[in-house]
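Protein chains get the first letters and strands the later ones, always in sequence-line order, with residue 1 at the start of each.
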Number of protein chains: 2
Amino acid sequence: MTDREALDYDPNAYQRPSVAVDLVLIGIRDSRPAVLLVKRDAPPFAGRRALPGGFVGIDETLDDAAARVLHGKAGIAKAHLEQLYTFGAVARDPRMRIISVAYLALLDEAAFAAALEDMPSLLAATITVPWAGETGGAVEIATPKGPVPLAFDHADIVALAMLRLRGKLDYSDVGFALLPDRFTLRQLQDVHEAILGVPLNKPAFRRRMLDRGWLAATGEREAGTSFRPAELYRFRTPQGA
Amino acid sequence: MTDREALDYDPNAYQRPSVAVDLVLIGIRDSRPAVLLVKRDAPPFAGRRALPGGFVGIDETLDDAAARVLHGKAGIAKAHLEQLYTFGAVARDPRMRIISVAYLALLDEAAFAAALEDMPSLLAATITVPWAGETGGAVEIATPKGPVPLAFDHADIVALAMLRLRGKLDYSDVGFALLPDRFTLRQLQDVHEAILGVPLNKPAFRRRMLDRGWLAATGEREAGTSFRPAELYRFRTPQGA
DNA sequence: GCAATAGTGTCTGTCAGACAATATAGG
DNA sequence: CCTATATTGTCTGACAGACACTATTGC
């Protein structure tokens, strides 16, 4: 029996990796996608920015660990959370073997701003996706002061998060997770344009969204405009399907 | 400092979960999707069928672990392998905490048959997906002798694999991973129909596939038919995009 | 020539993009 | 009335489904 085969029978005989979750907290700021980052105090990558993360407890599910990090490290009570991908390169953390389950977390503009307010240690950086079409290349993560290099393989994780977001935007409800409870069609279109990085045709967008049956008109109108106010809609989880 | 917070700072102070990979080996048999299963010898679920899997070594990546299981447990040298999802329910294995990274592996008909031949311990079971539209419900896994109950949460993993396969079929190259190097358009359509579970329109399917630019005509024809032989095509990885 | 399937042409409905016209709120 | 944006209407081109027709091979 080789060492490799022994792994199949006696997991206790071998060293186990640590398992962590890392969160890509995304919101829309000034019509651009942005991500919330923490600052690392200790080596490796001391001083660099990183995704909020934490180890998975032996008695907690991955989703629970993600929710705990969301609450503890970002001070956010509730957000759309979905598992993204699991990163398992051997040397992705130079200290020891850590396998990281990445989660995508989506915040509306108010929740994003509130998190920044409540946790001054957080930094918001805008994400720019070079229009590389399908294949997910690198993304630029920057503040007005300049680019923000990330620790570990976290830039890859953000890039994958944007790719996933783009892919799911049109056929799933992720777009609504970036908006408040009530929103106008223009706000919804702004979110889609920010994620996709391209302008969209207004009448076509309206038709498509309304025909999907996901929107319920509230009868209310937005306030505070100096022009014709738009109708407020609410996301309605699809019925029959 | 609470126990939870301590996890963030000292991973060695707490027990680590084991990490495994499980493979959903899918091929098309008799125009139906099928999966390759191993038989469990030891408890829990002794005697039941399960997905081939193994623990992840401390010095191997997740992809490497998946390739090792592919080779060792299924006797397959090469297949399309892609990470599917990571399952982390606390009690998914009653013995101990095992987090499993599920992989989707796609085999063409010959490779599927060869694996069955080479490893007599493998069982091929057909997968039937109830036409539940989008939301991924349960799938039926059965042989001609009857339904095959799976160990652990492996039935959920197979269900997710089918959902992913259906979702990616039309816009990615996964369909070609289920076919040999050279194939006819009819074979390609058969694969799509088997995965989607619905008949497709022949002229529209041909147009769509040829317009995508993924197919290269070989000039050769299939042999052994008693009627007009179809042209053989080869998958050509997209150029410009 | 016959059987059976490969491959093509054409019609039609659906739908997105483009463009423009109309509606409406505050000032 | 004027400004700025919401909302709607219409035209057009791209494309999928339906259906029928032609092509080709073995027998």
What side-chain donor-acceptor pairs closer than 3.5 Å can you find for residues 118-130 of chain A, not counting sequence neighbours?
{"residue": "A:T126", "atom": "OG1", "partner": "A:A142", "partner atom": "O", "Å": "3.1"}

Exercise answer: donor-acceptor pairs, residues 172-181 of chain B side-chain atoms, under 3.5 Å, sequence neighbours excluded:
{"residue": "B:S172", "atom": "OG", "partner": "B:K168", "partner atom": "O", "Å": "2.8"}
{"residue": "B:S172", "atom": "OG", "partner": "B:V174", "partner atom": "N", "Å": "3.3"}
{"residue": "B:D181", "atom": "OD2", "partner": "B:R234", "partner atom": "NH1", "Å": "2.8"}

- Item | Residues in salt bridge (charged side-chain N to carboxylate O under 4.0 Å, His left out) contact with B:R49, at least two apart in sequence or another chain | none
- Task: Do nucleotides 17-27 of chain D as a string where each nucleotide becomes B, S or -: B if the base has a protein heavy atom under 4.0 Å, S if just the sugar-phosphate does, - if no protein is that close.
- Result: BBB---BBBS-
- Message: Expected output is a numbered-order residue list: members of residues 181-190 of chain A with a heavy atom under 4.0 Å from any atom of DNA chain C. What is it?
- Response: none
- What residue pairs, at least two apart or across chains, pass ring-ring contact (aromatic ring centres under 6.0 Å, His included) with a residue in residues 186-208 of chain A? A:H192-A:F205
Identify each donor-acceptor pair in which a side-chain atom of residues 20-31 of chain A lies under 3.5 Å from a protein atom, sequence neighbours left out, and give them as a table.
{"residue": "A:D22", "atom": "OD2", "partner": "A:S100", "partner atom": "OG", "Å": "2.7"}

- Relative to the 5' end of DNA chain C, which residue comes earlier, A:D211 or B:E231, by the nucleotide with the nearest heavy atom? B:E231
- Query: How long is the line joining CE of A:M209 and P of D:dT7, in whole Å?
  - Reply: 15 Å
- By side-chain contact (heavy atoms from CB on, under 4.5 Å), which residues pair with B:A204, not counting sequence neighbours? B:N201, B:R207
- Minimum heavy-atom distance between B:R166 and B:L196, given as atom pair plus value: NH2-O, 3.3 Å
- Would you please name every residue forming a ring pair (Phe, Tyr, Trp, His ring centres under 6.0 Å) with B:F112, sequence neighbours left out? none
- Terminal contacting nucleotides, 5' and 3', DNA chain C versus chain A (heavy atom, 4.0 Å): C:dA16 to C:dG26
- Message: Which residues pass the ring pair (Phe, Tyr, Trp, His ring centres under 6.0 Å) test with B:F87, not counting sequence neighbours?
- Response: B:Y85
- Query: With A:A216, which residues qualify under side-chain contact (heavy atoms from CB on, under 4.5 Å), at least two apart?
  - Reply: A:R236
